[in-house]
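Proteins get letters first, then strands, A, B, ... in listed order; numbering begins at 1 in each.
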Amino acid sequence: MASYEPKAIEAKWQQAWAEEKTWEVANPGQHGYDGEKPKSYVLEMLPYPSGEPHVGHLKCYAVGDAIAHFRRRHGFEVIHPMGYDAFGLPAENNAIKTGEPPREATERSIESFSRQFREWGISIDWSRELATHKPEYYRWTQWIFLRLFERGLAYRDEAPVQWCPKDATVLANEQVVDGRCERCGTPVEQRRLEQWFFKITEYAERLLADFDLLESWPEHVVTMQRNWIGRSEGAEATFRCEDLSLDFPVFTTRPDTLFGATFFVLAPEHPELERLIAGTPAEAAVREYVNQVARESVEDRGDEDRPKTGVPLGRSVVNPVNGEEIPMFVADYVLMEYGTGAIMAVPAHDGRDYEFARAFDLPLRRVIEGTDPEAARDDEGLPYPGDGAMTASGRFDGKHNREAYGEIVAWLAAEGRGREAVNYRLRDWLVSRQRYWGAPIPVVYCEECGIVPVPEDQLPVELPEVDDYAPQGRSPLAAAEDWVATECPRCGGSARRETDTMDTFVDSSWYFIRYLDPRNEEVAWDRAAADHWLSVDQYIGGVEHAILHLMYARFFTKALADLDQLSVQEPFANLFTQGMITRDGAKMSKSKGNTVSPAEYVARYGADTARTYVCFMGPPERGGDWSDEGVEGVNRFLSRLWRLCEEVEGRGDGDLDPSTAEGEVRELLAKAHWAIDKVTRDFGRGFQFNTAIAAVMELVNEAYRVKDDLYGDEGGVAAVRFAAATGASLIFPFAPHLGAEIWERLSGTRVWEEPWPQADPVLLSSDTVTLVVQVNGKLRDRIEAAADAPESELLGLARASEKVRRHLDGKEVVKEIVVPGKLVNLVVR
RNA sequence: GCGGGCGUGGCGGAAUUGGUAUACGCGCCAGGUUUAGGUCCUGGUGGGCUUCGGCCCGUGGGGGUUCAAGUCCCUCCGCCCGCACCA
């Protein structure tokens with residue numbers, strides 16, 4: 001008997017799928033379009049091609065492919081494309097280090113990914129393959145940028161960046177370690193640069209509201225996004241600096257504490273700071289403080305436990321509710337990025353303001369009484385963040401603060417000194433990167449006309465070849481002088497190109513649309529194709545993208561819908577996040593030397609084993625620790641299934657009628673139908689693939705146990721063959737090559753063209769059931785009973801049990817509980 | 001600190017609605033096949049006690065609800081992931 005040879009089997013089927021283009025699907029109107037079937041868009045997050053695929057990729061695509069196969073066999077026309085998120089920092093850093101152009105390293109990696117995905121047998125429509133670094137793709141990324149620009153959703157503003165003075169380059173957060181440049185250890189400085197932003201904040205409300213439109217997203221992902229958007233309701237109140245006739249609006253969630261404001265604080269980056277101090281005695285001290293803050297690392301500044309620091313400005317503002325003048329300060333605990341960059345400080349009711357007041361010996365004023373009226377008289381129990389009656393608040397005294405809240409806001413509004421306001425933590429998306437390896441921003445700067453978008457017919461703005469990828473105090477693209485110097489598209493005068501490139505998150509915010517019409521040279525996508533396939537019915541990827549990528553893609557979808565380019569508001573109707581695979585309990589990393597190379601395992605055991613193993617390790621949404629022994633266990637199981645097939649293939653038949661089957665033949669058929677039912681339900685309850693695969697293992701084990709007895713019986717061989725074929729059919733989504741091979745040998749057809757099997761309800765039910773008998777909730781015996789036996793009969797059987805009677809001896813049965821099909825519990829006293 | 005997730009055998013994990021705790025896999029033990037090892041096949045495998053009939057304990061700790069709790073409630077402890085003075 002031939003043993004299981006995955007290499008030969010896998011090569012055979014991969015060749016068939018490639019030659020026959022089995023997984024390609026056509027768009028409506030195209031040749032081969034099947035309008036009969038409902039569509040299903042199954043998508044895994046596209047990989048970033050760096051080096052070789054790792055086990056995280058294997059898991060993601062194994063899970064996604066199982067879902068794609070399952071849907072196909074349920075009659076869906078499944079679109080299942082693949083592409084590469086090819087721009088990005090690692091390839092550029094590699095280029096700086098080795099001089100190898102990023103394009104070469106990236107395309108070599110894409111080769112490797114593409115080859116391995118085929119070796120894994122992932123059912124991809126390769127005709128739709130794309131890579132974001134190709135001009136035919138980023139041309140349309142640039143096109144979207146221009147559409148957003150037209151809509152006012154792309155704008156320029158000054159923003160601080162982290163700057164390494166030695167390398168003369170902007171650093172990404174991940175390149176800053178302990179406030180120092182990762183490469184040379186030089187302390188990082190802050191610089192301000194004019195940069196491009198996308199106005200995602202304009203969509204904050206819709207990004208929150210439209211969670212309702214999603215079919216199924218993990219609750220924790222929705223929660224993380226909610227927190228990230230960070231909506232808070234409150235009020236804006238305007239404090240006025242009379243000396244300079246300057247208004248300072250502040251956002252507060254506690255307008256009810258306005259009467260308790262005893263000082264006022266600006267962020268060190270506040271734009272009006274300069275005017276406030278110019279020519280005043282405070283000027284030198286404030287400037288010194290602001291510079292010192294600018295030198296601090298972001299982490300240091302973010303440390304909550306640090307003592308509060310700041311400097312008085314020698315100015316004051318007027319509290320709009322009581323006309324009181326309160327002193328102004330600058331302090332680093334106020335952030336320019338949140339709210340208005342200025343706060344009213346209420347030290348009696350806010351912890352941070354309290355700390356600051358203590359450090360600078362500023363007065364506290366209690367305006368809300370706590371539960372303890374005694375405490376209201378002195379500073380006991382401060383800061384007090386809770387609710388209570390108002391005090392020291394003029395005509396609001398005595399009212400409950402929750403009630404006064406609305407009245408104070410209304411009063412402010414009537415006076416023109418404030419209004420209701422909603423503030424978001426979410427900030428606009430900074431998309432400029434002072435990098436080479438990204439899509440050029442399609443804009444030129446003309447001396448006459450200013451910012452001029454590149455006309456659509458001049459796209460793509462192609463990334464020029466450069467010799468040196470190291471930035472020398474400017475974006476590496478600035479070195480390509482011939483490329484930078486251009487003509488103004490508007491006036492024809494001399495102009496310079498934008499030398500920043502786009503954040504790679506921009507590339508990956510719309511790739512799922514381009515898949516639907518990837519070769520279109522006229523438009524970014526054909527509207528009818530997009531309308532047909534969107535939304536993505538099942539999106540699969542790592543939870544590490546729970547916030548940024550998913551939020552950006554949602555924003556793009558909404559913006560594109562507003563631009564009348566799409567008909568959906570949400571890109572991904574259902575989201576599944578897979579957990580991370582670890583090794584020896586730790587995250588895999590090259591530096592730790594604990595990486596697992598999928599290629600190695602595929603070479604040794606075959607792709608089917610590797611794929612099935614990552615699905616069997618545990619629930620796919622959770623993480624799991626890689627175990628070589630576990631891989632062998634799965635390989636053993638697939639080999640057993642293989643040998644079962646070998647044993648019954650072509651063996652003398654004898655027809656099998658499930659409705660009249662008896663004894664062990666019927667039991668084996670029943671086990672097969674149980675497995676069908678179990679696997680089907682496990683797909684339905686959140687892709688519980690580990691238990692689905694366990695069910696197929698049970699079926700195979702059962703077949704092994706009984707097969708030698710069955711071969712003599714009427715229909716015995718056929719029953720074992722049915723078990724093997726069913727096992728192959730059910731394991732196919734995880735081990736497609738083996739599943740296809742066994743199915744073909746036993747049935748002569750192609751398993752992916754077969755509908756998903758249906759469990760026969762007759763074989764799922766049993767005439768007799770085993771019930772548990774408990775006395776006072778403790779298990780005492782098991783009894784066999786007819787499945788439809790009435791309660792009285794079950795009670796009789798329970799009481800008749802010798803083991804049960806021993807525990808009833810001399811006691812009174814006070815309660816009898818019967819759960820049909822499950823148990824009988826007798827409560828005695 | 002805030003938000004999210006999680007604690008079950010030697011290990012990964014299972015347990016649909018509160019109803020047989022530990023399915024399946026690994027590991028280990030025994031038997032069979034084999035010249036031997038490996039492969040392969042079968043069986044066993046939570047802990048303690050046992051008069052060998054069974055009995056008691058057991059899902060991070062403690063408490064509660066219930067005829068019945070891994071599952072629900074309260075409380076404490078530990079681990080993992082995100083975010084960081086959010087006004």
Side-chain angles (χ1 to χ4, degrees), chain A residues 3 218-224 226-228 230-232 234 250-254 257 265 267 298-299 301-306 308 331-335 337-346 350-353 355-356 423-426 543-544 546-547 579-580 582 585 587 613 616-619 621-634 636-637 639-640 643 678 681-682 684-685 688 690-698 700-701 704-705 708 770-782 802-803 806 814-819 821-828:
Chain A
S3 60
E219 200 45 51
H220 66 273
V221 173
V222 173
T223 305
M224 280 161 84
R226 259 206 188 96
N227 294 341
W228 187 262
R231 181 182 199 274
S232 49
V250 299
F251 173 76
T252 175
T253 52
R254 295 295 304 276
T257 64
V265 190
V298 183
E299 290 108 71
R301 208 181 143 179
D303 185 356
E304 246 171 283
D305 301 328
R306 218 169 53 136
K308 293 278 178 287
D332 67 357
Y333 81 95
V334 175
L335 308 175
E337 307 86 58
Y338 188 79
T340 62
I343 62 160
M344 65 165 193
V346 184
D350 179 276
R352 296 153 300 174
D353 297 345
E355 295 294 323
F356 191 84
N423 197 58
Y424 301 92
R425 205 194 76 120
L426 182 71
V543 74
E544 63 273 18
I547 298 179
M580 200 176 22
T582 55
K587 204 166 159 172
Y613 174 64
F616 179 66
M617 295 173 75
E621 76 275 11
R622 287 213 244 149
D625 206 55
W626 185 274
S627 140
D628 285 355
E629 290 79 16
V631 180
E632 294 205 27
V634 167
R636 207 169 296 158
F637 152 65
S639 304
R640 273 161 72 83
R643 287 195 301 273
K678 174 72 177 154
R681 280 184 295 121
D682 284 344
R685 48 174 203 136
Q688 297 288 298
N690 54 328
T691 51
I693 293 163
V696 185
M697 287 174 171
E698 281 195 54
V700 171
N701 290 346
Y704 266 76
R705 264 192 293 273
D708 291 329
T770 305
L771 286 98
V772 168
V773 184
Q774 299 177 336
V775 177
N776 283 354
K778 282 192 201 294
L779 174 68
R780 294 305 176 192
D781 200 4
R782 290 160 214 269
E802 179 54 38
K803 291 173 183 171
R806 219 176 303 163
V814 294
K815 196 166 184 182
E816 295 165 328
I817 289 131
V818 180
V819 183
K822 293 266 186 193
L823 60 74
V824 174
N825 187 13
L826 302 174
V827 185
V828 299

Could you pull out all residues at least two apart from Arg622(A) that satisfy salt bridge (charged side-chain N to carboxylate O under 4.0 Å, His left out)? none
Using a cut-off of less than 4.0 Å, is there contact between a side-chain N or O of [X] and OP1 or OP2 of [N]?
X         : N       : value
Lys822(A) : rG19(B) : no
Asn701(A) : rG25(B) : yes
Asn227(A) : rC2(B)  : no
Arg636(A) : rC26(B) : yes
Arg352(A) : rC86(B) : yes
Arg640(A) : rC41(B) : yes
Arg685(A) : rA15(B) : yes
Arg226(A) : rG82(B) : no
Arg425(A) : rA84(B) : no

I'd like the [atom1] distance from [M] over to [N], given in whole Å.
N       : M       : atom1 : value
rC28(B) : rU17(B) : P     : 37 Å
rG46(B) : rA21(B) : C1'   : 10 Å
rG53(B) : rG32(B) : P     : 26 Å
rG70(B) : rC81(B) : C1'   : 24 Å

Please verify the inter-ring angle class for Phe356(A) with Tyr333(A); under 30° counts as parallel, over 60° as perpendicular, anything in between as tilted. tilted
For [N], what is the paired nucleotide under Watson-Crick or G-U wobble rules, both distances under 3.5 Å?
N       : value
rC2(B)  : rG82(B)
rG27(B) : rU45(B)
rG38(B) : none
rU16(B) : none
rG70(B) : none
rU22(B) : none

Would you mind reading off the distance between [X] atom [atom1] and [N] atom [atom2], rounded to a whole angstrom?
X         : N       : atom1 : atom2 : answer
Ile343(A) : rC86(B) : CD1   : P     : 10 Å
Met580(A) : rG4(B)  : CE    : P     : 20 Å
Arg705(A) : rC41(B) : CZ    : P     : 12 Å

[X] side-chain proximity, nearest of [options]:
X         : options                   : value
Trp228(A) : rA87(B), rC83(B), rG5(B)  : rC83(B)
Arg806(A) : rA23(B), rG54(B), rG19(B) : rG54(B)
Arg780(A) : rC26(B), rG3(B), rC56(B)  : rC56(B)
Met224(A) : rG7(B), rA87(B), rG82(B)  : rG82(B)
Ala694(A) : rA15(B), rC24(B), rU16(B) : rC24(B)
Lys815(A) : rA21(B), rC67(B), rA87(B) : rC67(B)
Ile817(A) : rG25(B), rG19(B), rC85(B) : rG19(B)
Tyr338(A) : rA23(B), rA87(B), rG7(B)  : rA87(B)
Lys778(A) : rC56(B), rG3(B), rG19(B)  : rC56(B)

Is the base of rG53(B) syn or anti, where syn means the angle lies within 90° of 0? syn
What form does the base of rG9(B) take, syn (within 90° of 0) or anti? syn
Applying a 4.0 Å non-hydrogen cut-off, can you work out what [X] is touching in the nucleic acid: base, sugar-phosphate, or nothing?
X         : answer
Tyr704(A) : sugar-phosphate
Gln774(A) : base
Thr223(A) : sugar-phosphate
Val772(A) : base
Asn690(A) : sugar-phosphate

Does the pair Val346(A) and Thr252(A) meet the rule for a side-chain contact (heavy atoms from CB on, under 4.5 Å), with working shown? CA-CA 10 Å; Val346(A) 184; Thr252(A) 175; over 6 Å; no
Of His220(A) and Ser232(A), the one whose closest RNA chain B nucleotide lies more 5': His220(A)
Would you kindly compare Gly633(A) and Thr770(A) by the position of their nearest RNA chain B nucleotide and give the one closer to the 5′ end? Thr770(A)
Check: Arg425(A)/Asn227(A) side-chain N/O donor and acceptor closer than 3.5 Å: no
